[in-house]
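Note on naming: letters A, B, ... go to the chains in the order of the sequence lines (proteins, then strands), and numbering restarts at 1 for each one.
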Amino acid sequence: MELKKLKGFRDLLPDETPLWQHMEAKACQVLEAFGYREVRLPLLEDTALFRRSIGEATDIVEKEMYTFTDTGGNSVTLRPEGTASAVRAYLENGLARSAPKARWYYMGPMFRRERPQKGRLRQFHQIGVECFGWAEPEADAEVLALLWDLFSAFGLSDRLRLEINTLGCSADRAAYVEALRAHLQALRLDLCPDCQRRIDTNPLRVLDCKKERCRQLTADAPRITEAVCGECAAHFARVREILDRVGLAYRVNPRMVRGLDYYNRTTFELLAEGLGAQNAVAAGGRYDGLAEALGGPPVPALGFALGMERLGLLLDPEAAPAPTPTAYWVTRGPEAAALALALRRKLAARGVGSAMDLAARSFKAQMRAADRSGARFALILAEDEMADGTVTVKDLSTGSQETVAADDLISYLMGHIATPA
RNA sequence: GUGAGUGUAGCUCAAUGGUAGAGCACCGGACUGUGGAUCCGGUGGUUGUGGGUUCAAAUCCCAUCACUCACCCCA
């Protein structure tokens, strides 16, 4: 086999798709209960959208995007995240004027050309939420509560930790970055090589270094939570007050860093055990400046995205068993096979699933297949049944069987489906 | 981009320089129109690829590719 899938891409075979359908269905249910509505946005966008939103100097834009020139000569990019497209769509469709308050969610593939590892692929899938139009801390609290309840719905609340932080406004952040950089310069030679580089590229990352020595050296570095302006501090305090009031557990982590440039004020991560090094299962924050950066009016907004592969790693595959047909046909002879197809169509139209082998195999082989399919009933159709217009219905859970007129098959089965064996 | 580990049947793994095997799965038979349990049989391999050492290589050496995990970065 010389043709292989690309590195970091995966096939989801039928044994795995039930779990994905489960994730999607459960998420839709919770998100819509909070008033969020689904949007479906393009996978391919103008490259400039991501350069302007994510940040020119980020790793994502600098070296991880799937960017190419299409045959029309335009530079286009497979979306590496969802927020940029959502804001673009919000602005482009005039929502800022017609319906400025909007709660959106989306799910689907994102693409980043990173080195694959546990919980990280080049095509990965996110469920994302964007809440447009409210600058109030109540919006932050709603989104955080929604995030938590979403994972609670999957039964994961006792395995997760919510961490929150504030980045202040852009002026706060710029001032803080310079203060931090100055502080770190004094420590430069004692820090690890990665951190020495980070002082210049992204000083906030130094605070997030995994090396114990770096963490000790930066223990008394200035904290962003103490450096933000009065308004931002009040906003953050109010968010925490609401979270406390509704009983949502969280931890303030002033060292938490965001990878995308557009975040301001509240940011957060949901961390999980058992995911290896990629332990953030969801993350997000407020991005009040993004709409303007993309050429629109100011639109206060925030959102988050969760990694579906990472969520899937936390779930028990048994939670989403494979679907089984209600019945399995056991036939002999070409006339019987044709009649079985006709009856399968009628059953399917009533929502009753039935499967069958399409090769003329022995009764024994077909019965074995019926058993393995998980079907409740075997529907036997051969010479005898064809002669008198009946189907022999065998209940595979009890072994008992009855002869049923072919015309009565649908009502017979529908009457018995509800009845446990 | 950097580092480490691993590559043998569809899957999980044996075979420590001397005939490439087992379990599971799949197909069939025992049981000619009746599943699950049991027993029997069968299909399935250029041992990732290329080169080297050797009388002889899955095994040792080199290269290369792939996968996995970690760093970086991030959901």
* **Interface residues of residues 185-198 of chain A with RNA chain B (non-hydrogen, below 4.0 angstrom)** => A/Asp194, A/Arg197, A/Arg198
* Distance between P atoms of B/C60 and B/U47 (Å, rounded) -> 16 Å
* Asked: If we take the P atom in both B/G36 and B/U43, what is their distance in whole Å?
  -> 23 Å
* To do: Would you mind classifying the nucleic acid contact of A/Arg258 as base, sugar-phosphate or nothing, using non-hydrogen atoms under 4.0 angstrom?
  => sugar-phosphate
* Give A/Leu121 one of three labels, base, sugar-phosphate or nothing, depending on what nucleic acid heavy atoms sit under 4.0 Å from its own. => base
* Asked: Just one of A/Phe111, A/Trp20, A/Phe9 clears the ring-ring contact (aromatic ring centres under 6.0 Å, His included) bar with A/His125, so which one?
  -> A/Trp20
* Do A/Arg255 and A/Thr218 have side-chain atoms, one donor and one acceptor, less than 3.5 Å apart? -> yes
* Asked: Are A/Trp104 and A/Tyr36 close enough that their ring centers fall under 6.0 Å?
  -> no
* Asked: What is the base-pairing partner of B/U16, counting Watson-Crick and G-U wobble geometry with both distances under 3.5 Å?
  -> none
* A/Asn165 side chain to A/Thr267 side chain, donor-acceptor N/O pair below 3.5 angstrom -> no
* **Under 3.5 Å on both distances, the Watson-Crick or G-U partner of B/A37** => none
* Whole-Å distance between B/C72 C1' and A/Glu62 CD? -> 13 Å
* Taking atom C1' in both B/G50 and B/A57, what distance in whole Å separates the two? -> 15 Å
* Structure fact -> With B for base contact, S for sugar-phosphate-only contact and - for none (protein heavy atoms under 4.0 Å), nucleotides 23-36 of chain B reads ---SSS--B-BBBB
* Kindly compute the distance separating CZ (A/Arg88) from CG (A/Asn93), expressed to the nearest 0.5 Å. => 7.0 Å
* To do: Quote, to the nearest angstrom, the P distance that separates B/U8 from B/U46.
  => 12 Å
* Structure fact -> When every non-hydrogen atom of A/Ile380 is compared with those of A/Glu385, the smallest separation belongs to O-CG, 3.5 Å
* Asked: Looking across every strand, which nucleic acid part, if any, lies under 4.0 Å from A/Gly284 by heavy atom: base, sugar-phosphate, or nothing?
  -> nothing
* To do: Determine the Euclidean distance between corresponding P atoms of B/C27 and B/A70; express it in Å to zero decimal places.
  => 38 Å
* To do: For B/U12 versus B/U2, give the span between their P atoms, rounded off to a whole number of Å.
  => 29 Å
* Can you tell me how far C1' of B/C67 sits from CZ of A/Arg10, to the nearest Å? -> 13 Å
* Asked: With rounding to whole Å, what would you report as the distance between B/G35 and B/G18 at their C1' atoms?
  -> 47 Å
* To do: Look at the side chain of A/Gln278 against the base of B/C69 and say whether a donor-acceptor pair falls under 3.5 Å; ignore hydrogens and angles.
  => no
* Asked: Does atom CZ of A/Arg223 have more than 12 heavy-atom neighbours, drawn from other residues, nucleotides or ligands, at distances under 6.0 Å?
  -> no
* Inspect the surroundings of CZ in A/Arg258 and state if more than 12 heavy atoms from other residues, nucleotides or ligands are less than 6.0 Å away. => yes
* Asked: RNA chain B: A/Cys209 or A/Val281, which has the more 5' nearest nucleotide?
  -> A/Cys209
* To do: Please name the pair of heavy atoms, one in A/Ala153 and one in A/Val30, separated by the smallest distance, quoted to 0.1 Å.
  => CB-CG2, 3.6 Å
* To do: Could you work out the separation of B/G51 and B/U59 based on their P atoms and round it to a whole Å?
  => 14 Å
* Structure fact -> Using Watson-Crick geometry (N1-N3 plus N6-O4 or O6-N4) or G-U wobble (N1-O2, O6-N3), each under 3.5 Å, B/C67 is paired with B/G5
* Any side-chain N or O of A/Lys4 less than 4.0 Å from the OP1 or OP2 oxygen of B/A66? -> no
* Is B/A57 paired to anything, Watson-Crick or G-U wobble with both distances less than 3.5 Å, and if yes, which nucleotide? -> none
* To do: Would you kindly check whether a donor in the side chain of A/Arg120 faces an acceptor in the base of B/C73, or vice versa, at under 3.5 angstrom?
  => yes
* Think A/Gln117 has a side-chain N or O under 4.0 angstrom from the OP1 or OP2 of B/A70? -> yes
* SB check A/Glu16 A/Arg10 (cutoff 4.0 Å) -> yes
* Asked: Nearest heavy-atom pair of A/Phe363 and A/Thr331: which atoms, and what distance?
  -> CE1-O, 4.4 Å
* Provide the Watson-Crick or G-U wobble partner of B/G45, both distances under 3.5 Å; none if there is no partner. => none
* Structure fact -> On RNA chain B, more 5' by nearest nucleotide between A/Arg113 and A/Arg310 is A/Arg113
* Asked: So which nucleotide does B/G10 pair with, by the Watson-Crick or G-U wobble rule with both distances under 3.5 Å?
  -> B/C24
* Asked: Just checking A/Ala283: base, sugar-phosphate only, or nothing, at a heavy-atom cut-off of under 4.0 Å?
  -> sugar-phosphate
